There are 2 protein chains.
Amino acid sequence: MPRADAARNRALLIEAAAAELSEHGLDVSIARIAARAGVAKGTVFNHFAGKEELVAAIFCEQLGALAATGEALLHHADPWEALVRFMTAAAELQVRDRSFCEAGAATSRTDPAVRAASDRLARAAEALTARARDSGAVRADVTGHDVVLLLSAATQIAAPLAGSRSDLWRRYLHLVLDGLRPAAAHDLPVAPPTHRDFTAAAG
Amino acid sequence: MPRADAARNRALLIEAAAAELSEHGLDVSIARIAARAGVAKGTVFNHFAGKEELVAAIFCEQLGALAATGEALLHHADPWEALVRFMTAAAELQVRDRSFCEAGAATSRTDPAVRAASDRLARAAEALTARARDSGAVRADVTGHDVVLLLSAATQIAAPLAGSRSDLWRRYLHLVLDGLRPAAAHDLPVAPPTHRDFTAAAG
DNA sequence: ACCTGAACACCGTTCAAGT
DNA sequence: ACCTGAACACCGTTCAAGT
């Protein structure tokens with residue numbers, strides 16, 4: 001069992017890291033996080049193997065929260081509206097937290113905790129997508145894995161103008177959503193990603 | 001007028017930087033670029049104010065090449081096909097060059113050379129979009145500025161799986177293109193970006 | 001006028017010394 | 001068992017000394 005001060009320092013570090021990462025993104029320094037937590041720089045490496053593992057810990061929490069939002073939306077009456085709210089929640093999380101997008105690209109998929117959280121999110125996305133597809137609101141050739149990848153589309157498209165037009169992601173979320181509707185569906189040139197593709201992506 | 005060895009070193013640096021950036025992305029070290037060019041580290045700072053300006057120089061060349069592609073496609077018979085080829089060319093450039101996406105986000109928009117190249121690209125995109133819109137192939141509420149922002153959408157959506165599925169961006173390019181068609185068009189919640197938004201985005 | 005390489009301030013990470 | 005801060009190898013950048 002952990003020593004009392006160690007458990008406290010770990011909690012302080014996670015809290016400080018979450019705050020600094022959301023404000024300044026992935027390139028915030030370890031020194032800054034340690035200072036905010038009130039511990040020495042070296043203490044960070046007593047609790048986490050390196051910066052990447054610390055970032056992964058925060059990233060997991062956010063993935064879990066987003067998955068929970070998706071699971072709750074499965075009980076929403078309108079399958080299309082449920083999917084829209086799920087993707088909106090993901091975009092709002094990314095606007096709120098600068099590091100979330102960056103972590104999704106940078107964090108290692110070999111980390112078991114990240115994989116577990118990703119899988120849970122994928123299951124929620126697949127269930128929401130299946131419901132919307134079966135109801136005819138979403139085109140037949142789109143999968144839950146597609147939706148997972150599309151979660152960061154709107155904010156990334158709008159990112160270059162995020163400084164001057166902070167709400168622009170809403171425009172591109174709706175443009176992407178229109179692409180998911182059956183009305184304009186044309187054949188897609190390559191197969192959807194599989195679970196295997198996600199686990200095999202070394203990065 | 002520049003000294004002979006200075007002009008030669010500048011050319012060598014740009015060539016080395018372009019190669020290293022396309023292979024390793026923005027986080028390649030100045031030391032590595034200088035070594036590849038066969039000059040001392042300090043020489044880089046005789047020709048460029050810093051790493052950002054060196055990256056901007058490479059970025060400008062690529063923006064110019066893409067703009068030229070767009071201008072040539074204005075003479076294509078089919079307006080929709082011209083737009084598709086323009087967006088495909090942009091995606092292929094991003095797959096070929098790891099640094100291009102990153103530079104678009106990181107490079108300062110205050111640099112006059114970057115601004116000039118961006119404006120040229122924006123004009124080409126606007127002309128291609130107007131033609132496709134007037135022909136009825138593209139929905140009425142989409143602008144050339146939208147298309148500029150959408151140029152990196154497909155590759156960024158597919159980025160997490162680029163290692164295992166290098167052609168996946170084609171799927172999302174077509175999904176985004178389906179969103180641009182009039183058939184599935186629903187009202188977009190916020191106004192398109194303006195030229196002012198692009199110049200005001202401080203980064 | 002330009003090139004060079006030592007020097008500086010930073011970063012993430014390691015580790016011997018403490019408690 | 002954990003915390004600490006000095007030390008290390010890196011990075012981008014500066015600049016005095018050369019030619």
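Order of the sequence lines fixes the chain letters, A, B, ..., with proteins taken first and strands second; residue numbering starts at 1 for each chain. It should be emphasised that the depicted structure is a prediction, and the values quoted were computed from it without experimental measurement.
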Q.
Going by salt bridge (Lys or Arg N to Asp or Glu O under 4.0 Å), name the pairs with one or both residues in residues 82-92 of chain A, residues two or more places apart or in two chains.
A.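 Checked against salt bridge (Lys or Arg N to Asp or Glu O under 4.0 Å) - neighbours excluded - the pairs reaching residues 82-92 of chain A are E81(A)-R85(A), E92(A)-R170(A).
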
(Q) Give me each pair satisfying side-chain hydrogen bond (donor to acceptor under 3.5 Å, both in side chains) with a member in residues 61-72 of chain A, each pair once, sequence neighbours excluded. (A)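 For residues 61-72 of chain A: Q62(A)-D97(A), E71(A)-R120(A).
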
Q. Among residues 22-31 of chain B, which contact DNA chain D at a heavy-atom distance under 4.0 Å?
A.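 V28(B), S29(B), I30(B) - these, ordered by number, are the residues of the stretch whose heavy atoms sit under 4.0 Å from the strand.
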
Rounded interatomic separation in angstrom, taking [atom1] from [X] and [atom2] from [N]:
X: F48(B); N: dT14(D); atom1: CZ; atom2: P; result: 15 Å
X: R32(B); N: dC10(D); atom1: CZ; atom2: P; result: 14 Å
X: F45(B); N: dC8(C); atom1: CZ; atom2: C1'; result: 13 Å
X: E53(A); N: dT13(C); atom1: CD; atom2: C1'; result: 14 Å

Apply salt bridge (Lys or Arg N to Asp or Glu O under 4.0 Å) to [X] and list each qualifying residue two or more places apart in sequence or on a separate chain.
X: D78(A); result: none
X: R3(B); result: D5(B)
X: E52(B); result: none
X: E23(B); result: R36(B)

Q.
Run the side chain to side chain contact (heavy atoms under 4.5 Å, CB included) test against V28(A) and tell me which residues pass, sequence neighbours left out.
A.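 Counting only residues at least two positions away or on another chain, V28(A) forms a side chain to side chain contact (heavy atoms under 4.5 Å, CB included) with E20(A), L21(A), H24(A), R32(A), I33(A).
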
(Q) Please enumerate all residues that pass side chain to side chain contact (heavy atoms under 4.5 Å, CB included) together with S166(B), with sequence neighbours excluded. (A)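 With neighbours one apart ignored, the set is empty.
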
Output a table of nitrogen or oxygen pairs between the protein and nucleotides 3-5 of chain D separated by less than 3.5 Å.
| unit_1 | atom_1 | unit_2 | atom_2 | d |
| --- | --- | --- | --- | --- |
| dC3(D) | OP1 | N9(A) | ND2 | 2.3 |
| dC3(D) | OP2 | H47(A) | NE2 | 3.2 |
| dT4(D) | OP2 | A40(A) | N | 3.0 |
| dT4(D) | OP2 | T43(A) | OG1 | 3.0 |

Q) Using 4.0 Å as the upper bound for N to carboxylate O, is an ion pair formed by D134(B) and R131(B)? A)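 Salt bridge: no.
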
Could you give the side-chain donor-acceptor pairs of residues 145-163 of chain A under 3.5 Å, partners two or more places apart or in another chain?
| unit_1 | atom_1 | unit_2 | atom_2 | d |
| --- | --- | --- | --- | --- |
| D146(A) | OD1 | R171(B) | NE | 3.0 |
| D146(A) | OD1 | Y172(B) | OH | 2.4 |
| D146(A) | OD2 | T143(A) | N | 3.0 |
| D146(A) | OD2 | R171(B) | NE | 3.4 |
| D146(A) | OD2 | R171(B) | NH2 | 2.7 |
| T155(A) | OG1 | Q94(A) | OE1 | 2.3 |
| T155(A) | OG1 | S152(A) | O | 3.3 |

(Q) Under 3.5 Å for both pairing distances: what stems, at least three Watson-Crick or G-U pairs long, include DNA chain D? (A)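 So far as stems of 3 or more pairs are concerned, DNA chain D shows C:4-8 with D:12-16, C:12-16 with D:4-8.
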
